[in-house]
Protein chains: 2
Amino acid sequence: MTTDEIRAAAAEHLRSAGLRVTEPRLAVLEAVTGNGHLDADTVHTRVAVGHPGISLQSVYNVLGDLSAAELLRRIEPAGSPALFESRIGDNHHHIVCTRCSAVADVDCIVGQAPCLAPSDASGFVVHTAEVTFWGLCASCQQEAGV
Amino acid sequence: MTTDEIRAAAAEHLRSAGLRVTEPRLAVLEAVTGNGHLDADTVHTRVAVGHPGISLQSVYNVLGDLSAAELLRRIEPAGSPALFESRIGDNHHHIVCTRCSAVADVDCIVGQAPCLAPSDASGFVVHTAEVTFWGLCASCQQEAGV
DNA sequence: GCGCTTGTTTTGAGTCATTCAAAAGAACTG
DNA sequence: CAGTTCTTTTGAATGACTCAAAACAAGCGC
């Protein structure tokens with residue numbers, strides 16, 4: 001997708017979510033779309049390139065609003081700050097490197113969310129199953145093998 | 001298990017993990033054993049009943065040491081502080097209430113860790129699969145239903 | 001049992017990620 | 001284009017946790 005296509009689609013999504021179309025929101029969506037798993041600070045740095053005055057606080061606000069509206073997905077692997085990604089709508093999972101904290105997507109193993117059902121849910125009604133795989137990424141395997 | 005049994009077993013475990021047997025460590029193990037999923041602050045409060053001078057910092061140290069030695073397990077559900085539990089050795093999973101953050105254990109669905117394998121691991125070597133179910137606990141279902 | 005060594009705990013400060021609140025500003029409605 | 005309401009900024013504050021140095025104590029050897 002080009003920048004313009006992302007922004008046009010984003011504006012539409014914002015409107016149908018009942019959110020106003022603002023420059024910070026478009027810029028954040030653009031910064032995250034197709035760029036993997038980014039924390040708030042990284043998003044801020046990226047957005048600041050084209051929008052020098054934007055505050056970190058605004059980035060937090062926008063990321064929160066967009067996640068609540070399900071235009072972004074928020075994940076919080078243990079030991080990392082919250083990460084945001086543009087891939088939504090499928091309940092895919094993540095694999096995290098225990099050495100360098102790199103994150104990659106993993107397709108959902110079993111169909112749609114919750115994709116797994118607990119054998120005994122202790123009286124809970126289950127909505128989703130979140131799976132996080134832990135391991136070593138390719139480059140850390142090399143460095144650790146040395 | 002009685003308090004004395006817990007402490008005797010704990011002392012043994014500490015020794016075989018190469019850790020010195022100290023009162024704070026025994027007290028923390030005792031506080032966590034069989035008491036579900038506790039955060040550092042709660043552990044501190046509980047331990048302080050019998051050990052009025054103990055510092056929160058020590059509780060953090062001890063919890064860190066015991067987790068590293070695998071005498072306790074540490075989980076970090078999104079939105080909660082780190083929680084510690086005494087059930088170790090099996091790769092069981094957790095279900096968290098999205099409304100009140102209550103946590104319950106869920107038996108591992110598929111045998112031993114990693115218990116699930118990603119279809120495509122993007123070059124990662126996978127060690128474990130951590131599954132977190134999200135839903136509503138029994139009492140929140142009632143309150144939310146009203 | 002008594003020091004000694006080394007691991008542990010305390011004390012005190014500091015960090016990071018994030019949230020709260022009030023004031024200033026800008027989208028959308030009519 | 002004016003008004004309302006939502007957004008953004010500014011500035012401060014919080015919670016959870018870590019770092020570092022000094023005081024202390026477990027367990028070894030004598």
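Below, chain A is the first sequence line, B the second, and so on; all start at residue 1. Hydrogens, waters and symmetry mates play no part in the numbers below; they use all other heavy atoms, side chains included.
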Between the main-chain N or O of B/R20 and the side-chain N or O of B/R25, is there a donor-acceptor pair closer than 3.5 Å?
-> yes
Send over the distance from B/I75 CD1 to D/dA16 P, rounded to a whole Å.
-> 15 Å
Nearest-Å distance, CG (A/N61) to P (C/dA21)?
-> 13 Å
Starting at the 5' end of DNA chain D, which residue's closest nucleotide do you reach first, A/G18 or B/Y60?
-> A/G18
CG of B/L26 versus C1' of D/dA25: gap in Å, rounded?
-> 14 Å
Decide yes or no for A/D41 and A/V59: does some side-chain heavy atom of the first lie under 4.5 Å from some side-chain heavy atom of the second?
-> no
Can you find a side chain N or O atom of B/T22 that sits less than 4.0 Å from OP1 or OP2 on C/dT9?
-> yes
Of A/L56 and B/A40, the one whose closest nucleotide on DNA chain D sits nearer the 5' end is A/L56
Atom-to-atom span, CZ of A/R74 to P of C/dA17 - whole angstrom = 13 Å
Between A/Q141 and B/G123, is there a donor-acceptor pair closer than 3.5 Å when you use the side chain of the first and the backbone of the second?
-> yes
Just how far, in rounded Å, is C1' of D/dT18 from CG of B/D65?
-> 14 Å
Gap between atoms CD and P, on B/E76 and D/dG15 respectively (whole Å) = 19 Å
Working for side chain to side chain contact (heavy atoms under 4.5 Å, CB included), residues A/H51 and A/R46 | CA-CA 9 Å; A/H51 302 76; A/R46 280 172 175 255; over 6 Å; no
Using whole Å, report how far CD of B/Q57 lies from C1' of D/dA23.
-> 15 Å
Polar pair under 3.5 Å, donor/acceptor by atom type, side chain A/R20, base D/dT5 | yes
Could you give the CG-to-C1' distance, from A/L19 to D/dT5, as a whole number of Å?
-> 13 Å
